[in-house]
Amino acid sequence: MTEPIELELFGESKLDAQPREALLTYNPSIELFAGTSGPTTLQIWRSNGQVVSKNSQRGERDSVEAIRWKADGQFLAVGWSDGVVRLMGLETNKAVHQMPVCEADKSKITYIGWTRNNARPLASSASASSALTWESLASRGVDASNSNPVTDLPKELTFLEVETALPKISPLPASGGSGDDMFVFTTRTSLEFLFRPFSPQDSDHVDVMIVGTNDGRIHISIYDSFVIGSFNYNLPSSFGKGASTPLQLCHHACHPDLSTHMLVFKPSGADQSTIMYLVPMDLTFIHSSPENLSLLASKTTTLQKLLRYVKQVQMHMMHEWQSTRELPTRFLNSINETLHESGNYGEMNIGQAMYHSVVTGHTFPEVREWLVDQLAERGHKRWDKAVVSGLQTLRSLVHENFLPVLERIGIILSRLLGIARFHESKAEIGFTSAQIAKVMDIVSCLVLVGNKILLLVMEELELFHSFSTWLRHEIDRLASSSATEELTEKEATMEHGKILAYIQRYMLTSPLRYYLNNVPADDLKQGHQQAESGSSLLESLSKQIDKQESGQPNTGIFPQIEFLCGYLDDKAKVVFEGIAEAEKRSVRFGQPTTIELEHNISQFDVRTSAIRTSDSSQGVTYTAITTEDNESSVYIFRTTTNITNGISGSVTTEATCIVLGDGKLLGLKFLYDDSLLVLWASNDQPLRIIKISHKSADLGYQPYSPKSKLSSHVLSNDQVTSVFLNMIVPCEASFVPQQMEVKEASSERGKVPPRLCLLGNDLQTYKVFALPEDLFGQAMRS
């Protein structure tokens, strides 16, 4: 008889609120778990139950539909009822990426899968693992002849990160932004997390996210947020009436060394079903060009994030300038109305009146009353603070945020331009050098505009300082009954040239309006059409700026950063969509397999293994199932798919059925490549985990066809505990697990053992047990 092993409690928590639809999942690499707290709140806890963060959307109107951790635990993907998957960063509780998947009123997200593929074939894995980075090779000195490992120099040069030599991007102010990204770039921690350097080792992996909706659509993205596209899967016509059955994705599995993934579908909208379909999905772009894929994805995802950052900087710049103008404009409009209503001065405005005062020393009575009684010392301080603080913030935004991020974008575009020129004769990358050159042209325009804004802000700050000093002096002089020595001395220090320059150029209408004004939608549309008709946007922009600076009427909107940033987004989007479309053409669906049982399926799990031969591969998918009316039996299906050059071919399926005594199967999950863990409860036994070696020939797999009768292997309770390795789960008699999850061991951020995670039927008690590593040693090493 196999001696049972008692598991050790790793962590226990009591949740404040029941998770909606038992949506709860443990982090793969650190002691955190995430789930819904009530219907509309996402919450993350430490293993001791301490709340780390809470998050909700649209004033708690949207609910959480699906959640999934990334394989390394760095991101949590959350599918919300508004049809958007938001990625929550581990270092921040903000949504750092957002991917619209479906329209909220038409369909909803039902499943999120996130797996990792090895980009390099198995044959090259050994050589790749023995290669050195150029830094480590250099550190060995010139005498490295006796070293067996060699550096993979082409790979090192391909992924050499020039951006790491640049200064770090600065955080944005907490206020002034807008939209979903308004708080994403406001902290140093968030920025460092978002813009982590892409190392050559990262190119060995491709993280694939697959999102399913209840209308049969599949949304695919890679490298966190690079969207490949959506597909609508239907069964082939050979299925007869079944071909018209609407489906929804309910699970998916893959092996790291296979670019063919196995999708699991069930009839759409059915809470209970006796049938499921296994469908191979070939991501041949992973198999065919892993190096290009890694480089493209790393650069384009970074470019996408930088463009989001630029958009927020643009909104901050426009907000600061408009805030700078708001209070002085109110003051000036007030006195302009007074001058107009008096009828004594014709069309004279406050600018001309002040110019008159500076030149002649004479102040009109209405202006005197305004300065002394309305504006006064308090109003002047408010005016001075609004202008100086606003312009200083605008200067910082341009100098520390706007221009540096454009420099980074320029470097990435130069890399993409090189890739485009290298592949110019092929359509496999999805974009051309002309498209990249167009984007670079727009970035050059933004750099020019950014420097123009910076020069104008610096000049306005200098001139305003002189004007503000004179304005305060005028208020004090006019409020005083007689001239004092102090006022006379101040008068002598006034820089009248600068004061007059400010009144003429900046006080009523600043030249910054040519760059930072809001642009009507019709003008934006017209500007896009004009930009498309010209050869070089930079040349056209320079002409418009020259006209404006020479005093000619300005009729163009090319200098407006709102136009340029919008145009940049549009042209970059063309490149992103082209890359995605090129990869999307490399996605195909293989021969589906039907699994149909007599009773409704209650629980299932899926695991894929890989078998590689000299000229092809096989993906072996194991599907473990329990049914509602047969709670002691576990069905295991073995589906073998032949794969050649990343394309799936013929499929065969075998199956077996094991009756585990009179116990009840409360859950089942695959762990590593060789173990099926079954949570088994029997009246005369403590709660146990039964470890079934699902690859064993002793299980008696037999050929399977849908609805075929399977002969069962019936075991008594004693046989269950003696034939299979089993582990006792120590818990109170009142604790009845409702949901089971297993996690592999991890050393990503400290050593964490394999874990068994159980949610009780009260939907509040959450227990995590450490699984003994020695039982899975070989599987863990492989």
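Just so it is clear, the values below take in all heavy atoms, side chains as well, and ignore hydrogens, waters and symmetry mates. Because the structure is a prediction, the values reported are computed rather than measured.
For Asp605, there are no salt bridge (charged side-chain N to carboxylate O under 4.0 Å, His left out) partners two or more places apart in sequence or in a different chain. Checked against side chain to side chain contact (heavy atoms under 4.5 Å, CB included), Ser238 has the following partners two or more places apart in sequence or in another chain: Pro236. Listed by chain and number, the residues in a side chain to side chain contact (heavy atoms under 4.5 Å, CB included) with Ser617 are Leu258, Arg612, Ile643 (sequence neighbours excluded). Arg217 meets the side chain to side chain contact (heavy atoms under 4.5 Å, CB included) test with Thr213, Asp215, Ser230, Asn232; sequence neighbours excluded. Applying the salt bridge (charged side-chain N to carboxylate O under 4.0 Å, His left out) rule to Glu654 yields the partners Arg638; only residues at least two apart in sequence or on another chain are considered. For Asp762, the side-chain hydrogen bond (donor to acceptor under 3.5 Å, both in side chains) test picks out Lys14, Thr765, with sequence neighbours left out. Ser29 meets the side chain to side chain contact (heavy atoms under 4.5 Å, CB included) test with Asn27, Ser746, Glu748; sequence neighbours excluded. Under the salt bridge (charged side-chain N to carboxylate O under 4.0 Å, His left out) criterion, Lys525 pairs with no residue at all, not counting sequence neighbours. Contacts of Lys571 classified as salt bridge (charged side-chain N to carboxylate O under 4.0 Å, His left out), with partners at least two apart in sequence or in another chain: Glu532. Remark: Gln603 pairs with no residue by the side-chain hydrogen bond (donor to acceptor under 3.5 Å, both in side chains) rule, at least two apart or across chains.
Among all heavy-atom pairs drawn from Val279 and Gly590, the shortest one is CG1-O, 4.2 Å. Nearest heavy atom pair, residue Trp45 against residue Thr36, reads CH2-O, 4.3 Å.
Taking 4.5 Å as the limit, some side-chain heavy atom of Tyr622 sits within range of a side-chain heavy atom of Lys695. At a threshold of 4.5 Å between non-hydrogen side-chain atoms, the residues Cys757 and Val742 do not count as touching. Taking the side chain as every heavy atom from C-beta outward, Ile67 and Leu42 approach each other to under 4.5 Å. Residues Thr652 and Thr639 are not in side-chain contact: their nearest non-hydrogen atoms beyond the backbone lie 4.5 Å or more apart. In this structure, Thr301 and Leu303 have side chains that are not in contact, with every pair of non-hydrogen atoms separated by 4.5 Å or more. Between His528 and Asp570, the closest side-chain pair of non-hydrogen atoms falls below 4.5 Å. Looking only at side-chain heavy atoms (C-beta outward), Lys54 and Ser37 stay at 4.5 Å or farther from each other. Taking the side chain as every heavy atom from C-beta outward, Asp207 and Tyr223 never approach each other to under 4.5 Å.
Between His599 and the options Asp629, Thr627, Thr626, a side chain to side chain donor-acceptor pair (under 3.5 Å) holds for only Asp629. Test His251, His255, His694 against Phe670 for ring-ring contact (aromatic ring centres under 6.0 Å, His included) and you get one pass: His694. The side chain to side chain contact (heavy atoms under 4.5 Å, CB included) test with Met209 singles out one residue from Leu87, Val227, Ile222, Thr115, and that residue is Leu87.
From Gln314, atom CD reaches atom CG of Asp569 across 8.5 Å, with rounding to the nearest 0.5 Å. Here the CG-OG distance, from Leu247 to Ser268, works out to 7.5 Å after rounding to the nearest 0.5 Å. The distance from the NE2 atom of His205 to the CZ atom of Arg116 is 5.0 Å, given to the nearest 0.5 Å.
In this structure, Glu741 pairs ionically with Lys743, as a charged nitrogen and a carboxylate oxygen lie closer than 4.0 Å.
The aromatic ring centroids of Tyr277 and Tyr233 lie 6.0 Å or more from each other. Between Tyr704 and Phe637, the distance separating the two ring centers is shorter than 6.0 angstrom.
Between the side chain of Ser259 and the backbone N or O of Thr284, no donor-acceptor pair lies under 3.5 Å. Gln272 contributes no side-chain N or O that, together with a main-chain N or O of Ile601, makes up a donor-acceptor pair within less than 3.5 Å. Thr186 places a side-chain N or O within 3.5 Å of a backbone atom of Phe183 that can act as its donor or acceptor partner. Judged by distance alone, the side chain of Ser190 and the main-chain N or O of Val184 form a donor-acceptor pair under 3.5 Å. For the pair Ser273 (side chain) and Ile275 (backbone), a donor-acceptor distance under 3.5 Å is present. Put simply, the side chain of Arg68 never gets that close to the backbone of Leu76: no donor and acceptor are under 3.5 Å apart. No side-chain donor-acceptor contact under 3.5 Å links Arg86 to the backbone of Gln98. For Gln312 (side chain) and Tyr309 (main-chain N/O), no donor-acceptor pair under 3.5 Å exists by modelled atom type. Judged by distance alone, the side chain of Glu65 and the main-chain N or O of Lys108 form no donor-acceptor pair under 3.5 Å. Arg755 places a side-chain N or O within 3.5 Å of a backbone atom of Glu744 that can act as its donor or acceptor partner.
Using modelled atom types and a 3.5 Å distance limit, the side chains of Thr608 and Thr621 yield a donor-acceptor pair.
Crowding of Glu598 atom CD: a count of heavy atoms from other residues, nucleotides or ligands under 6.0 Å not exceeding 12.
Contacts classified as salt bridge (Lys or Arg N to Asp or Glu O under 4.0 Å) and involving residues 224-235 (residues at least two apart or in different chains) are given here: Lys70-Asp224. Annotation: salt bridge (Lys or Arg N to Asp or Glu O under 4.0 Å) contacts involving residues 273-282, sequence neighbours excluded, comprise Asp282-Arg588.
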Exercise for the section: Would you sort out whether Ser609 and Asp673 count as a side-chain hydrogen bond (donor to acceptor under 3.5 Å, both in side chains), showing the intermediate values? Expected result: CA-CA 6 Å; Ser609 301; Asp673 221 21; 2.8 Å; yes
Exercise for the section: Apply side-chain hydrogen bond (donor to acceptor under 3.5 Å, both in side chains) to Asn600 and Thr274, showing your working. Expected result: CA-CA 4 Å; Asn600 286 329; Thr274 61; 5.2 Å; no
Problem - Full working for side chain to side chain contact (heavy atoms under 4.5 Å, CB included) between Val52 and Arg46 - result: CA-CA 7 Å; Val52 176; Arg46 290 192 173 89; 3.6 Å; yes
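Ring planes of Phe195 and Phe185: parallel class, angle under 30° (limits at 30 and 60°). Ring geometry for Phe33 versus Tyr766: interplanar angle of 30 to 60°, hence tilted. Using the six-membered ring where Trp is involved, His261 and His252 have ring planes that are parallel, under 30° apart on the 30 and 60° scheme.
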